[in-house]
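Every chain is numbered from 1 and lettered A, B, ... according to where its sequence line falls, protein lines coming before strand lines. The basis for the numbers below is simple: all heavy atoms, side chains too, and nothing from hydrogens, waters or symmetry mates. Since we're looking at a predicted model, the values are computed, not measured.
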Amino acid sequence: MKRTEIKILLNNTPIGTELNIRGWVRNKRTSKNVAFIALNDGSTIHNAQIVVEIAIAETINFSKVTTGASITVIGTVVASQGSNQQIEVVAKSIEILGEANPDEYPLQPKKHSLEFLREIAHLRFRSNTFGAIARLRHSMIFAVHQYFTQNGFFNIHTPIITGSDAEGAGEMFQVTTLNLNQLPRNEDNSIDYSTDFFGKITNLTVSGQLEVETAMAGLSKVYTFGPTFRAENSNTSRHLAEFWMIEPEVAFNDLIDNMDLAEDFLKYLIRYALDHNMDDLLFLSDRLKEEEKSKAEELRSMELIEKLKFVLENQFARISYTEAIEILKNSNPNKKKKFQYLIEEWGADLQSEHERFLVEKHFKKPVILTDYPAHIKAFYMKQSEDGKTVRAMDVLFPQIGEIIGGSQREENYDKLKRRINELGIPEKELWWYLDTRKFGTVVHSGFGLGFERLMLFVSGMTNIRDVIPFPRTPQNADF
RNA sequence: UCCUCUUUAGCUCAGUUGGUUAGAGCAUCUGACUGUUAAUCAGAGGGUCCUAGGUUCAAGUCCUAGAAGAGGAGCCA
């Protein structure tokens, strides 16, 4: 008999239907005459309740039906006598597909710590929490492509191995086929890369932006959605060495258009989650509430679904860096010297505590900060007439901080070239990038959205290692 | 990389001022139970107290170094 997914079973299967369901046992409860199996196949957060009469149990080695075992059940859909589910399946036959030795199987029908689940990342797809995260993650991936498709964008696969080290977005992982125990040397003892696979130094990409800008200058509306690698020694709950980034780039868009795109895009994704993943969101919300019980009242965050709706219904605040400095300068924490880094003058880089103050205390909603001092931002950003700032924008979210970083790009060939030289970036590595400004240059803008940071916000999880299946962080590349 | 905290049973955690044989809940196993909901009840088994040194008559407990994990900071998405 063909398998019926548990999601289908629970949605609209009429009483009396005979069907086959398969999955992994979450829990088994036995009494004298009847046993109950909670079965999950990952199609939904919900389990199917299998009712096993003693006569059926006796046909198999029922003691081997343990938490974690995989089974296939043929049975009949009936109205449930219990109160926790509408329907259940009375088994006619059960077959054990794969046993799970209870002495070795680490998942129990109880709440596990997220740290423990991380240590068994290969099994945590079978937990409620990570199952919900995985389904939500898929939904968000799909929604990203759907949003851009509906809005006339084209997806561009930018290279993962890059030959340019001029992107300036952090430490890179080197890619080489050279024998590290026996490196070929030049006469001056430097390493001879001419015999390396690409004949030069290559690294894993830290951003697809420069390449995707070349696609923009031809297709107008493009985006990348790919893996990104940063070899920073970052040990925080919001950094990964390998993460996924979405980078739209749009010709003829200025900074205002860019902000409109970022806000519309984020709201679309959040709305998509609310429309398509309510079961998982409700579970994650309950989980979060449970977790927050142990926190002091003032440290608790808004309930997850309420928070998502709140972001949807409110305009993001949009202020310039200069305005932000004024707000911070006159803020209570600054006057009372509560900030670790006090705001004294224009030009200072904003610290996490300042961003959090603006988002969580002052505006109490997402904030887009624009027009930062040029000296704290990347070379490619559009230089303003004031000569001091660039047309940059960061979208700041509560708890997460910077979820998007973007800008209008400098489209003027001479200005861009001058900035590259000022910063000592090797110009000859960027000849192809400069060509986009040399031939038919256009005003254009784009941004980078950290996909896992979006996942943090939408799922309400607090550690980025719990929203990606196999996190890569310093000293950890297991699985 | 810096600061702070943590590391005791399969999991989550107690463990007093350094003092007998290191405990609990859950899980596992055995049994009981007329339909359970992380079932319930009774019993049993289960320990390199993170590692290596040190102090002491005596160390899970104190000291030093290291490892791993967490929170915060920096870097950023």
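Using a 4.0 Å heavy-atom distance criterion, A/Asn47 is classed as making no nucleic acid contact. If you check every strand for non-hydrogen atoms under 4.0 Å, A/Thr236 touches a base.
The base of B/C11 lies outside donor-acceptor range of the side chain of A/His112, with no N or O pair under 3.5 Å. In the interface, the side chain of A/Ser234 is paired with the base of B/C75 through a donor and an acceptor atom under 3.5 Å apart.
Residues that satisfy the side chain to side chain contact (heavy atoms under 4.5 Å, CB included) test with A/Ile87, not counting sequence neighbours, are A/Leu9, A/Leu10, A/Ile15, A/Val77. A/Gln174 meets the side chain to side chain contact (heavy atoms under 4.5 Å, CB included) test with A/Tyr193, A/Ile201, A/Asn203; sequence neighbours excluded. Listed by chain and number, the residues in a side chain to side chain contact (heavy atoms under 4.5 Å, CB included) with A/His375 are A/Pro373 (sequence neighbours excluded). Contacts of A/Asp478 classified as side-chain hydrogen bond (donor to acceptor under 3.5 Å, both in side chains), with partners at least two apart in sequence or in another chain: none. Evaluation of the side chain to side chain contact (heavy atoms under 4.5 Å, CB included) rule for A/Val175 yields A/Ile161, A/Thr202, A/Leu204 as partners, not counting sequence neighbours.
Non-hydrogen atoms lying under 4.0 Å from RNA chain B are contributed by A/Gly450, A/Arg453, all within residues 450-461 of chain A.
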Give each protein N/O atom lying under 3.5 Å from an N/O atom of nucleotides 34-36 of chain B, with the pair distance.
from, atom 1, to, atom 2, distance (Å)
B/U34, O4', A/Asn33, ND2, 3.4
B/G35, OP1, A/Ser31, OG, 2.4
B/G35, O6, A/Gln81, NE2, 3.1
B/G35, N1, A/Glu88, OE2, 2.8
B/G35, N2, A/Glu88, OE1, 2.7
B/G35, N2, A/Glu88, OE2, 2.5
B/U36, O2', A/Arg29, NE, 3.1
B/U36, O2, A/Arg29, NE, 2.7
B/U36, O2, A/Arg29, NH2, 2.9
B/U36, O2, A/Gln49, OE1, 3.4
B/U36, N3, A/Gln49, OE1, 3.0
B/U36, N3, A/Gln49, NE2, 2.9
B/U36, O4, A/Gln49, NE2, 2.5

When you compare the protein's N or O atoms with those of nucleotides 26-28 of chain B, which come within less than 3.5 Å of each other, and at what distance?
from, atom 1, to, atom 2, distance (Å)
B/A27, O4', A/Gln108, OE1, 3.4
B/U28, O2', A/Asp103, OD1, 2.8

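Screening residues 337-346 of chain A for side-chain hydrogen bond (donor to acceptor under 3.5 Å, both in side chains) gives A/Thr322-A/Trp346 as the qualifying pairs, with residues at least two apart or on separate chains. Here ring-ring contact (aromatic ring centres under 6.0 Å, His included) pairs that include residues 55-76 of chain A, with residues two or more places apart or in two chains, number zero. Counting only residues at least two apart or on different chains, the salt bridge (charged side-chain N to carboxylate O under 4.0 Å, His left out) pairs with a member in residues 115-137 of chain A are A/Arg118-A/Asp466, A/Arg124-A/Asp466, A/Arg135-A/Asp280, A/Arg137-A/Glu452.
Using a cutoff of 4.0 Å between basic side-chain nitrogens and carboxylate oxygens, A/Arg287 and A/Glu291 are scored as salt-bridged.
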So what's the dot-bracket for RNA chain B: Watson-Crick or G-U pairs under 3.5 Å, [ ] if a pair crosses, | if it pairs off-strand?
-> (((((((..((((.....[...)))).(((((.......))))).....(((((..]....))))))))))))....
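Remark: of the listed residues A/Arg26, A/His46, A/His112, A/Lys111, A/Arg26 is the sole one forming a side-chain hydrogen bond (donor to acceptor under 3.5 Å, both in side chains) with A/Asn128.
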